[in-house]
Amino acid sequence: MPELLEVEIYRRFAHQTVGRTITSVHAPDDWFLKNTTAGELEGLLPKLKVLGTSRIGKLLLLELGTKKSIDLHLGLRFGMTGRLIVDDGAAIDQLEYSSDRNDPAWDRFGLTFDDGLMLLRDPRRLGGIELDPDTSKLGPDAWGISAADLGAALGKGRGPLKARLLDQKRIAGLGNLLVDEILWRSGFSPHRVSGELNANDNKKLAKMINVVLDELDKKGGSHQGDLQDSRSREGECPRDGAPLAREKVGGRTTYWCPNHQK
DNA sequence: ATTGTGGCCTGCCCGC
DNA sequence: TGCGGGCAGGCCACAA
């Protein structure tokens, strides 16, 4: 997916629709609707106005007010390949590892407004739409996280550090590329036992999470990291030239430098 | 409760 | 040119 940074770009883009009134719902794919149906959405949404947007981790929320005592927050998840299109422009034209074709068959969900439209285009259908998603299941957003909150998120777990950082219940928003970049820059091995970080480690790691997010946000996204170009077999560490290790950690393909990440 | 595994679904790229 | 295998930035259900 789009990781936190891409979803934040989507959110800013979606924010253009604040104040517009929904006129119709396009929900052709039942699979994509996680806790609702096309019929329910068609009954609830038209005539409602977009009141605001927010984001927790990789979850984008449209605030639509309250109707029939349902608090209408529409949750949009993008999976690994979802893109958001508002009016005539895609929020992000080129997603790494996703096709940049514009095939209308990939339109999984859409809203038409009195003025313009919003489309979620997802080739792989790993994203989804959820009505009033339970945000209490998500940890604190990674962007702006404090050392104390990071320490609490890491807890006393015995699993690898990388797996915990990817666990959205613990800390929300980091994906595979961001975690590899953060660990590489801060010099922690992805295999470090997450519960064994001390207060200094937490401080260092929390700071690096924020530095990387700030910096890559300015550069344009999660794939603009310094490690990115070396994420391939035969890749070498951009810092010290050592061969990068490539292995599965936390179920995800991981590139890291055994020479300086300890 | 925590941790690891497999699967979801589809497109693309590589090598034969 | 066609085909099979492997790959993919996410997430969830399930089992140990």
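- One distance of note links CD of Gln228(A) with CG of Leu177(A); it measures 5.0 Å at 0.5 Å rounding.
- At whole-Å resolution of the value, CZ in Arg83(A) and C1' in dG10(C) are 17 Å apart.
- Residue Arg121(A) is classed as having no contact, given no heavy-atom separation below 4.0 Å to the nucleic acid.
- Rounded to whole Å, atom P of dC12(C) lies 12 Å from atom CG of Asn35(A).
- When distances are taken from the side chain of Pro123(A) to each of dC11(C), dG11(B), dA8(C), the shortest belongs to dG11(B).
- Atom pair Arg233(A):CZ and dG6(C):P shows a separation of 11 Å (rounding to whole Å applied).
- Listed nucleotides dT10(B), dG10(C), dA8(C) differ in distance to Leu126(A); the shortest reach to its side chain belongs to dG10(C).
- Atom CZ in Arg77(A) sits roughly 6 Å away from atom P in dC11(C) (whole-Å rounding).
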Produce the list of close N/O pairs, under 3.5 Å, pairing protein atoms with atoms of nucleotides 12-14 of chain B; give distances to one decimal.
unit_1, atom_1, unit_2, atom_2, d
dC12(B), OP1, Ser99(A), OG, 2.9
dC12(B), OP1, Arg101(A), NH1, 3.3
dC12(B), OP2, Arg101(A), NH1, 3.2

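- Computed from coordinates, the Met80(A) CE to dC11(C) P distance equals 10 Å when rounded to whole Å.
- For a distance-only test at 3.5 Å, the side chain of Arg124(A) qualifies as a donor-acceptor partner of the base of dC9(B).
- Between the side chains of Arg124(A) and Thr81(A), no donor-acceptor pair is found at a separation under 3.5 Å.
- One side chain, Trp143(A) or Asp214(A), offers a donor N or O that lies under 3.5 Å from an acceptor on the other.
- Checked by atom type, the side-chain pair Arg231(A)/Tyr255(A) shows no donor-acceptor distance below 3.5 Å.
- A 3.5 Å limit on both hydrogen-bonding distances identifies no Watson-Crick or G-U partner for dC9(B).
- Between the NE2 atom of His223(A) and the P atom of dA8(C) there is a distance of 17 Å, given to the nearest Å.
- Contact annotation: Thr253(A) reaches the phosphate of dA8(C) (side-chain N/O to OP1 or OP2, under 4.0 Å).
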Candidate pair Val212(A) and Met208(A), rule side-chain contact (heavy atoms from CB on, under 4.5 Å), full reasoning:
CA-CA 6 Å; Val212(A) 166; Met208(A) 189 56 76; 4.0 Å; yes
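- Atom CZ of Phe32(A) and atom C1' of dC8(B) are 13 Å apart (whole Å).
- The aromatic rings of Phe78(A) and Tyr10(A) sit tilted relative to each other, their planes meeting at an angle between 30° and 60°.
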Show me the protein contacts with nucleotides 2-5 of chain B, counting only N or O atoms at under 3.5 Å.
unit_1, atom_1, unit_2, atom_2, d
dT2(B), OP2, Arg170(A), NH2, 3.4
dT3(B), OP1, Arg158(A), N, 2.3
dT3(B), OP1, Gly159(A), N, 2.8
dT3(B), OP2, Arg164(A), NE, 3.1
dT3(B), OP2, Arg164(A), NH2, 2.4

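- Defined by atom type and a distance below 3.5 Å, a donor-acceptor pair is present between the side-chain atoms of Glu6(A) and Ser222(A).
- Rounded to a whole Å, the CG atom of Asp134(A) is 11 Å from the P atom of dC12(C).
- Annotation: of the two residues near DNA chain C, Lys248(A) and Glu130(A), the 5′-most nearest-nucleotide partner is Lys248(A).
- Note that the CZ atom of Arg121(A) and the CH2 atom of Trp106(A) stand 8.5 Å from one another [nearest 0.5 Å].
- To the nearest 0.5 Å, the span separating CD on Glu247(A) from OG1 on Thr254(A) amounts to 7.0 Å.
- To the nearest 0.5 Å, atom CG of residue Leu111(A) and atom CE of residue Met118(A) are 6.0 Å apart.
- Atom P of dC12(C) sits at a distance of 23 Å from the matching atom of dG11(B), rounded to the whole Å.
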